[in-house]
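Report on the structure given below.
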Amino acid sequence: MKGHFQPAHVLEAMRSQGYGLSLATVYRTLSLLAQAGIVTRVGASDDPDSAGSWYEHTWRREHHDHLVCTHCGAVIEFSYPAIEVLQEAVAREHGFVLEGHSLELKGICARCRENITGGVGKT
Ligand SMILES: [Zn+2]
Ligand SMILES: [Zn+2]
Ligand SMILES: [Zn+2]
């Protein structure tokens, strides 16, 4: 799976290849992969079994962070060097050696804002 995906997408892809999996199996497998650091859970939900959970393949991928729309669940990737540097500065101040982080900025995406306001207020 490339990009961001949900358990239901995995199920669909596997079934189209002739595998008769259950959604529970997909959840279980994803949480094992997450423990192993091969996938990471991103997205608005903190409940690992929620259908709203998004995963992504993080093994040997370049680091990036996420903007998550709390309205439609869209996940937008970004990398912003200043943020990375500041996080390291915070860690250093606390005598902390950073091993990693996942930064998730929550809000309402441009498309949802447009739908909510009907385009009014759009700059
Ligand atoms: Zn980052
Ligand atoms: Zn949205
Ligand atoms: Zn991502």
Side-chain angles (χ1 to χ4, degrees):
M1 303 294 286
K2 289 223 171 77
H4 304 102
F5 56 89
Q6 289 178 304
H9 301 151
V10 178
L11 188 67
E12 219 171 276
M14 294 302 276
R15 283 198 172 150
S16 74
Q17 286 174 43
Y19 294 97
L21 300 178
S22 70
L23 195 55
T25 308
V26 173
Y27 281 131
R28 211 163 35 238
T29 307
L30 282 173
S31 82
L32 286 174
L33 290 173
Q35 274 168 36
I38 292 164
V39 299
T40 304
R41 201 156 54 82
V42 296
S45 177
D46 290 328
D47 175 4
D49 288 337
S50 157
S53 290
W54 286 83
Y55 289 83
E56 71 179 345
H57 197 270
T58 40
W59 187 247
R60 287 185 184 162
R61 271 201 68 193
E62 213 149 289
H63 175 76
H64 62 267
D65 294 305
H66 296 107
L67 291 159
V68 178
C69 178
T70 55
H71 206 77
C72 70
V75 179
I76 298 155
E77 301 194 333
F78 72 93
S79 67
Y80 198 82
I83 289 178
E84 305 297 321
V85 170
L86 287 172
Q87 288 178 123
E88 271 162 38
V90 170
R92 221 174 13 247
E93 216 166 278
H94 291 268
F96 218 80
V97 177
L98 274 195
E99 292 179 334
H101 67 266
S102 64
L103 182 64
E104 218 174 87
L105 304 181
K106 296 181 181 179
I108 298 170
C109 74
R111 205 186 309 161
C112 288
R113 278 183 52 216
E114 214 166 298
N115 289 342
I116 291 163
T117 61
V120 181
K122 195 178 154 230
T123 47

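In listed order, ligands and their atoms are each counted from 1.
Note on Glu84: its N/O/S atom closest to the Zn ion (ligand 1) is OE2. Looking only at N/O/S atoms, Asp65 comes nearest to the Zn ion (ligand 1) through OD2.
Protein contacts to the Zn ion (ligand 2) involving N, O or S atoms at a distance below 2.8 Å are Cys69 SG, Cys72 SG, Cys109 SG, Cys112 SG.
Residue contact annotation: His101 places an N/O/S atom under 2.8 Å from the Zn ion (ligand 1).
Residues His71 and Arg111 have side chains not in contact (no heavy-atom distance under 4.5 Å, counting atoms from C-beta outward). Side-chain atoms of Met14 and Val26, non-hydrogen and from C-beta on, never get closer than 4.5 Å to each other. Under the 4.5 Å side-chain criterion, counting only non-hydrogen atoms from C-beta, Asp65 is in contact with Glu84.
Note on ring orientation: taking the six-membered ring where Trp is involved, the planes of Tyr55 and Phe5 are parallel (angle under 30°, cut-offs 30° and 60°).
Shown here is Gln87, whose CD atom has more than 12 heavy atoms of other residues, nucleotides or ligands within 6.0 Å.
Vertex the Zn ion (ligand 3); arms to Glu56 atom OE1 and His66 atom NE2; angle 110° (nearest 10°). The Zn ion (ligand 3) lies at the vertex of an angle of 80° between the NE2 atom of His4 and the OE2 atom of Glu77 (rounded to 10°).
A search for side-chain contact (heavy atoms from CB on, under 4.5 Å) contacts involving Leu105 returns Leu67, Phe78, Leu103, not counting sequence neighbours. Ser22 meets the side-chain contact (heavy atoms from CB on, under 4.5 Å) test with Ala24, Thr25; sequence neighbours excluded.
Cluster partners of Leu98, by chain and number: Phe96. The rule joins Ile, Leu, Val, Met, Phe, Trp and Tyr whenever side-chain heavy atoms lie under 4.5 Å apart.
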